[in-house]
Amino acid sequence: MADLPPDAAAMRESGRWVAQAASDLADARSLAEAGRHALACFLCQQSAEKMVSAYLFARGAEHIWGHALADLCEDAKAIDPSFDVIKTVAMLLDKHYLATRYPSALPGGVPAEAYDAGDSGRALEIAEDVDRFVRERLASLAGE
């Protein structure tokens with residue numbers, strides 16, 4: 001699969017995922033500014049997940065299972081070894097998949113009270129890094 005150029009349908013599907021990832025990231029920024037840090041962190045995880053998924057779709061994946069960035073980056077790394085670089089950072093967002101939404105994922109309190117500006121600021125930095133990293137790889141695929 002790594003040696004095949006992406007086809008037009010795969011790139012269109014990838015583009016849909018990139019568009020939603022961009023929307024999620026913009027919403028995460030707005031939520032962080034509004035002090036809604038738990039939801040901002042969750043949307044950062046979602047944006048990064050969708051960006052890595054966009055890469056996998058561009059490379060011909062028909063179905064993508066799971067939400068963990070650690071696993072998705074590992075799948076992408078099988079195609080492009082440079083994903084090992086972003087995986088070490090991206091997987092830090094995985095902790096925001098459940099704990100930002102479900103009180104049962106925390107030892108006490110509720111997500112809305114457990115997250116602060118430092119959490120959302122760091123999550124935004126990571127999501128933006130993933131966004132840039134994947135966009136660079138998608139741009140190089142489009143040039144193939």
Side-chain angles (χ1 to χ4, degrees), residues 1 6-144:
M1 181 166 65
D7 66 16
M11 291 307 284
R12 274 192 306 277
E13 184 63 11
S14 174
R16 290 171 9 103
W17 285 77
V18 168
Q20 187 58 50
S23 180
D24 288 352
L25 189 53
D27 289 344
R29 287 185 192 106
S30 295
L31 286 164
E33 289 171 11
R36 305 290 307 263
H37 303 295
L39 284 176
C41 289
F42 173 67
L43 284 180
C44 286
Q45 187 280 335
Q46 288 290 284
S47 176
E49 175 187 334
K50 289 171 184 143
M51 284 303 292
V52 178
S53 295
Y55 177 82
L56 292 169
F57 280 122
R59 296 308 305 233
E62 294 181 14
H63 302 287
I64 296 171
W65 302 103
H67 302 280
L69 281 154
D71 294 337
L72 294 170
C73 287
E74 195 65 29
D75 291 344
K77 191 174 94 170
I79 301 165
D80 178 348
S82 73
F83 269 85
D84 192 45
V85 173
I86 201 68
K87 176 186 172 187
T88 59
V89 176
M91 62 191 268
L92 297 175
L93 292 174
D94 285 340
K95 68 182 176 183
H96 301 311
Y97 184 68
L98 293 174
T100 54
R101 299 177 294 142
Y102 300 107
S104 60
L106 297 173
V110 297
E113 297 167 352
Y115 287 80
D116 62 21
D119 297 318
S120 62
R122 181 65 178 133
L124 281 164
E125 288 175 16
I126 295 169
E128 289 164 352
D129 287 347
V130 172
D131 185 86
R132 269 189 304 277
F133 182 89
V134 173
R135 284 180 188 276
E136 288 170 3
R137 272 125 199 97
L138 290 173
S140 70
L141 288 177
E144 286 183 356

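Just so it is clear, the structure is predicted and the values come from calculations on it, not from any experiment. Residues: numbered from 1 along the sequence shown.
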For Arg132, the salt bridge (charged side-chain N to carboxylate O under 4.0 Å, His left out) test, sequence neighbours excluded, returns Asp129
As an exercise, state the distance from CZ of Arg59 to CG of Leu138, rounded to the nearest 0.5 Å. 10.0 Å
Can you give me the closest heavy-atom contact between Trp65 and Leu72, atom names plus distance? O-CD2, 4.4 Å
With sequence neighbours left out, which residue pairs that include part of residues 90-118 fulfil the ring-ring contact (aromatic ring centres under 6.0 Å, His included) condition? His67-Tyr97, His96-Tyr115
Could you grab the distance from atom OG of Ser53 to atom CD1 of Ile64, nearest 0.5 Å is fine? 4.0 Å
Out of curiosity, Ile126 CD1 to Ser47 OG, how far, rounded to the nearest 0.5 Å? 12.0 Å
Quick one, Met51 with Arg137, criterion side chain to side chain contact (heavy atoms under 4.5 Å, CB included). Give me CA distance, side-chain angles, the key distance, then yes/no. CA-CA 11 Å; Met51 284 303 292; Arg137 272 125 199 97; over 6 Å; no
Minimum heavy-atom separation for Ala90 to Leu69, with atom names? O-CD1, 3.4 Å
Considering all heavy atoms, the nearest Tyr55-Asp80 contact: OH-CB, 3.3 Å
I would like to know whether Cys73 and Ile86 meet side chain to side chain contact (heavy atoms under 4.5 Å, CB included); could you show each step before the answer? CA-CA 8 Å; Cys73 287; Ile86 201 68; 4.3 Å; yes
Please identify each residue that fulfils salt bridge (charged side-chain N to carboxylate O under 4.0 Å, His left out) with Arg36, with sequence neighbours left out. none
Go through the structure and list residues passing salt bridge (charged side-chain N to carboxylate O under 4.0 Å, His left out) with Lys77, not counting sequence neighbours. Glu74, Asp84
If I take atom CD from residue Glu136 and atom CG from residue Asp131, how far apart are they, to the nearest 0.5 angstrom? 10.0 Å
Whether the side chain of Asp94 engages the backbone of Ala70 through a donor-acceptor N/O pair (distance < 3.5 Å, no angle test) should be reported. yes
Scan residues 39-52 for pairs that pass salt bridge (Lys or Arg N to Asp or Glu O under 4.0 Å), counting only residues two or more places apart or in two chains. Asp24-Lys50
Starting at OG of Ser104, measure out to CG of Leu98 and round the result to the nearest 0.5 Å. 8.0 Å
For Cys44 and Leu93, the nearest pair of non-hydrogen atoms, with its separation, is O-CD1, 3.8 Å
Over all atoms of both residues, closest heavy-atom pair of His37 and Ala117: CE1-CA, 3.4 Å
Would Gln46 and Gln20 satisfy side chain to side chain contact (heavy atoms under 4.5 Å, CB included), going step by step from the backbone distance to the final call? CA-CA 9 Å; Gln46 288 290 284; Gln20 187 58 50; over 6 Å; no
For residues Leu124 and Leu25, determine if any side-chain heavy atom of one lies less than 4.5 Å from a side-chain heavy atom of the other. yes
Step-by-step side chain to side chain contact (heavy atoms under 4.5 Å, CB included) determination, Leu56 to Ile79: CA-CA 9 Å; Leu56 292 169; Ile79 301 165; 4.0 Å; yes
Listed by chain and number, what are the salt bridge (charged side-chain N to carboxylate O under 4.0 Å, His left out) partners of Glu125, not counting sequence neighbours? Arg122
Nearest heavy-atom pair of Ala32 and Ala40: which atoms, and what distance? N-CB, 3.7 Å
